[in-house]
Undergrad: 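Pasting a structure below so you can have a look.
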Amino acid sequence: MPELPEVETIRRALDDRLVGRRVVRAILHRRDMLILPGDPPGGFSRSNTEAKPKRFTRGRLLQDARIERTLRHGKQLAIAGDDGRTVCVHLGMSGQLLLVQPDDGGESLGHVHAEWAFDDGTRLLFRDPRRFGGLWSFPSVEDLRRARWDGLGPDGLSLTARQCSRALAATHRPVKGVLLDQSRIAGVGNIYADEALFASGIRPTRPGDSIAKGEASALAREIRAVLRRAIRAGGSSLRDHRTPFGDPGSFQLSHKVYGRAGAPCGRCRTTLKGERLAQRATVFCPACQH
DNA sequence: CTTATGACCTGATAGC
DNA sequence: TGCTATCAGGTCATAA
């Protein structure tokens with residue numbers, strides 16, 4: 001579920017609370033949720049989870065490190081220790097990172113696959129019921145970048161007109177498909193793709209190479225704007241998204257098209273159209289978007 | 001190269 | 001109450 005704004009909301013909270021703290025205990029409850037360098041990229045096997053040596057696990061999870069900084073690129077988050085060790089977190093569809101205090105019982109939560117205890121008593125839980133997400137461990141931020149982030153497109157939050165135009169001009173695919181392709185533009189998912197296309201008056205089905213420079217520029221501006229506004233609202237909470245403190249975001253209240261097929265367009269009252277594009281539910285205004 | 005499809009998982013919801 | 005089908009914010013492998 002989490003797209004860039006949800007991940008950034010989580011990153012900011014973790015940055016506030018964890019930088020400077022020392023990891024006094026790291027526990028991996030499900031080994032197959034941690035992917036190590038050398039594991040097959042992305043397609044690690046869920047079945048041979050018992051084949052990997054367990055003794056390295058805690059070191060891989062920042063045990064004894066002091067948290068130095070947090071990073072994000074697109075929908076991926078990373079926590080880096082003062083010795084360089086870095087854990088990358090991808091939340092998939094249902095992943096959450098939750099901060100719990102000794103007195104509030106986060107114990108009742110299911111699907112907690114990893115947890116970290118800090119020197120001030122705070123615990124960070126990684127839970128992910130659907131297990132589409134995962135943790136990746138690296139000896140340094142540089143290794144993380146090389147292995148995972150170099151393959152991603154420019155981050156949506158700072159997407160320039162030129163970058164947007166370049167991504168679109170290179171392909172004949174539908175523009176929505178390009179926005180969802182993390183190797184082209186990083187961080188935009190199904191919600192914000194539809195919202196940004198509506199805001200810029202572009203039909204999701206338009207081939208990328210049919211988008212004029214001026215349109216691409218407007219699209220880049222609307223992508224940045226919608227992501228920025230969503231971050232300010234703490235993200236969209238349709239179901240699972242929570243800040244690390246357990247609070248939902250509120251940007252779902254500001255969605256103009258996502259989830260509103262059949263309802264009137266807020267700008268022209270035409271009935272919003274819902275269809276399936278790039279295998280995803282897609283909503284647009286047939287009158288406002290060309 | 002592109003596009004479509006199914007797979008990976010669980011849980012919520014709607015309909016019977 | 002319970003069964004089944006459908007759907008979900010994401011990606012990956014495979015095939016056409």
Side-chain angles (χ1 to χ4, degrees), chain A residues 1-10 30 32-33 35 39-49 72-77 88-97 109-113 126-136 147-149 151-153 156 167-196 204-210 226-227 230-231 233-243 248-255 257-262 274-283:
Chain A
M1 43 103 130
E3 305 181 30
L4 186 153
E6 291 73 37
V7 177
E8 178 63 12
T9 297
I10 291 164
R30 255 198 94 107
D32 59 355
M33 295 302 285
I35 299 88
D39 287 346
F44 64 98
S45 169
R46 301 276 196 199
S47 53
N48 71 349
T49 55
R72 181 192 58 73
H73 190 86
K75 303 171 188 173
Q76 300 187 41
L77 176 68
C88 174
V89 185
H90 195 306
L91 297 172
M93 286 281 264
S94 59
Q96 297 176 325
L97 287 166
L109 290 172
H111 305 289
V112 173
H113 307 311
F126 170 55
R127 69 186 299 259
D128 182 8
R130 293 178 73 176
R131 279 183 276 133
F132 288 174
L135 305 173
W136 285 257
R148 291 187 62 77
W149 289 3
L152 298 174
L168 293 174
T171 181
H172 200 247
R173 296 159 69 190
V175 56
K176 170 152 180 185
V178 182
L179 297 190
L180 294 179
D181 182 344
Q182 301 301 296
S183 74
R184 304 286 170 175
I185 294 166
V188 178
N190 205 35
I191 294 176
Y192 302 106
D194 279 9
E195 293 297 318
T205 46
R206 286 269 301 282
D209 58 8
S210 78
V226 72
L227 295 176
I231 292 167
S236 301
S237 291
L238 301 178
R239 167 161 291 146
D240 300 318
H241 168 63
R242 293 292 181 275
T243 71
S250 62
F251 197 69
Q252 67 280 3
L253 303 174
S254 303
H255 293 171
V257 286
Y258 180 87
R260 299 195 63 243
E275 62 184 50
R276 202 109 190 136
L277 177 60
Q279 294 78 248
R280 315 299 302 276
T282 298
V283 186

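Small disclaimer: the values here were computed from a predicted structure and weren't measured.
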Undergrad: How long is the line joining CG of A:L238 and P of B:dT13, in whole Å?
TA: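 It is 13 Å, rounded to the nearest whole Å.
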Undergrad: Choose from B:dT2, B:dT5, B:dT10 the nucleotide whose nearest atom is closest to any side-chain atom of A:R131.
TA: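 So the nucleotide nearest the side chain must be B:dT10.
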Undergrad: Can you tell me, in whole Å, how much space there is between the P of C:dT14 and that of B:dC9?
TA: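 That atom pair is separated by 16 Å.
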Undergrad: At under 4.0 Å, does any side-chain N or O of A:T171 touch on OP1 or OP2 of B:dT2?
TA: yes
Undergrad: Using whole Å, what does the distance between atom C1' of nucleotide B:dA12 and atom CE of A:M93 come to?
TA: 13 Å
Undergrad: So, OP1 or OP2 of B:dG11: does either fall under 4.0 Å of a side-chain N or O from A:H111?
TA: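 Checking B:dG11 against A:H111, a side-chain N or O does come within under 4.0 Å of OP1 or OP2.
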Undergrad: How close do A:C88 and A:R148 get, counting heavy atoms only, and between which atoms?
TA: SG-NE, 3.8 Å
Undergrad: Counting side-chain heavy atoms from CB outward, which of C:dT11, C:dG9, B:dC9 is closest to A:Q182?
TA: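 Closest nucleotide among those given: C:dT11.
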Undergrad: Output the rounded distance in Å from CZ (A:R173) to P (B:dT2).
TA: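 Going from CZ in A:R173 over to P in B:dT2 covers 6 Å.
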Undergrad: The side chain of A:P129 lies closest to which of these nucleotides: C:dG10, C:dA8, B:dT10?
TA: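 Given the options C:dG10, C:dA8, B:dT10, the side chain of A:P129 is closest to B:dT10.
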Undergrad: Is there a stack between A:F132 and B:dC9, judged by ring centres under 5.5 Å and planes under 30°?
TA: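 Check failed, A:F132 does not stack on base of B:dC9.
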Undergrad: Is the closest side-chain donor-acceptor distance between A:R127 and A:Q96 under 3.5 Å?
TA: yes
Undergrad: Using a cut-off of 4.0 Å on non-hydrogen atoms, how would the nucleic acid contact of A:R276 be classed: base, sugar-phosphate, or nothing?
TA: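 A:R276: backbone/sugar contact only, no base atoms under 4.0 Å.
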Undergrad: Do the side-chain N or O atoms of A:H90 get closer than 4.0 angstrom to the phosphate oxygens (OP1, OP2) of C:dG10?
TA: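 No, because none of the side-chain N or O atoms of A:H90 sits under 4.0 Å from OP1 or OP2 of C:dG10.
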Undergrad: I need the CZ-C1' distance between A:R30 and B:dC8, as an integer number of Å.
TA: 12 Å
Undergrad: What's the NZ-P distance between A:K176 and B:dA4, to the nearest Å?
TA: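 Nearest whole value for this atom pair: 13 Å.
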Undergrad: With a non-hydrogen cut-off below 4.0 angstrom, is A:P207 in contact with a base, only sugar-phosphate, or nothing?
TA: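 Here A:P207 touches no strand at all.
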Undergrad: Please give, in whole Å, the distance from B:dC9 P to A:D32 CG?
TA: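 In whole Å, B:dC9 P lies 9 Å from A:D32 CG.
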Undergrad: Begin with the C-alpha distance, continue with both residues' side-chain angles, and end with the deciding distance and a verdict on side-chain hydrogen bond (donor to acceptor under 3.5 Å, both in side chains) for A:Y258 and A:S236.
TA: CA-CA 11 Å; A:Y258 180 87; A:S236 301; over 6 Å; no
Undergrad: Can you tell me how far C1' in B:dT3 sits from the matching atom in C:dG9, rounded to whole Å?
TA: 22 Å
Undergrad: If every non-hydrogen atom of A:H73 is compared with every non-hydrogen atom of A:G153, which pair is closest and at what distance?
TA: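 So the minimum-distance heavy-atom pair works out to NE2-O, 2.8 Å.
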Undergrad: Does a nitrogen or oxygen in the side chain of A:K75 sit under 4.0 Å from OP1 or OP2 of C:dG9?
TA: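 No.
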Undergrad: Apply the test salt bridge (charged side-chain N to carboxylate O under 4.0 Å, His left out) to residues A:R280 and A:D194: give CA-CA distance (whole Å), side-chain angles for both, the deciding distance (0.1 Å), then the verdict.
TA: CA-CA 10 Å; A:R280 315 299 302 276; A:D194 279 9; over 6 Å; no
Undergrad: Can you find a donor-acceptor N/O pair under 3.5 angstrom joining the side chain of A:R130 to the base of B:dC9?
TA: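 Flag set: donor-acceptor pair detected.
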Undergrad: With DNA chain B as reference, determine whether A:Q279 or A:R184 sits nearer its 5' end, using the nearest nucleotide of each.
TA: A:R184
Undergrad: To the nearest Å, how far apart are A:H172 NE2 and B:dA4 P?
TA: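 For the pair A:H172 NE2 and B:dA4 P, the rounded distance is 13 Å.
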Undergrad: Salt bridge (Lys or Arg N to Asp or Glu O under 4.0 Å) with A:R72: which residues, sequence neighbours excluded?
TA: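 Salt bridge (Lys or Arg N to Asp or Glu O under 4.0 Å) list for A:R72, sorted by chain: A:E8, A:D155.
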Undergrad: Of all residues at least two apart in sequence or in a different chain, which pass the salt bridge (Lys or Arg N to Asp or Glu O under 4.0 Å) check with A:R260?
TA: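 Partners of A:R260 by the salt bridge (Lys or Arg N to Asp or Glu O under 4.0 Å) criterion come out as none, since no residue qualifies.
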Undergrad: Taking only Watson-Crick and G-U wobble pairs with both distances under 3.5 Å, what dot-bracket line describes DNA chain C, where [ ] shows pairs that cross earlier ones and | shows pairs with another strand?
TA: .|||||||.|||||||
Undergrad: Among the nucleotides B:dA4, C:dG9, B:dT10, which one has an atom lying closest to any side-chain atom of A:Y258?
TA: C:dG9
Undergrad: Whether the A:K176 and A:T205 side chains hold a donor-acceptor pair (N or O, under 3.5 Å, no angle test) is what I'd like checked.
TA: no
Undergrad: Rounded to the nearest angstrom, tell me the gap between atom CG in A:D240 and atom P in C:dA8.
TA: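 Rounded to whole Å, this separation is 14 Å.
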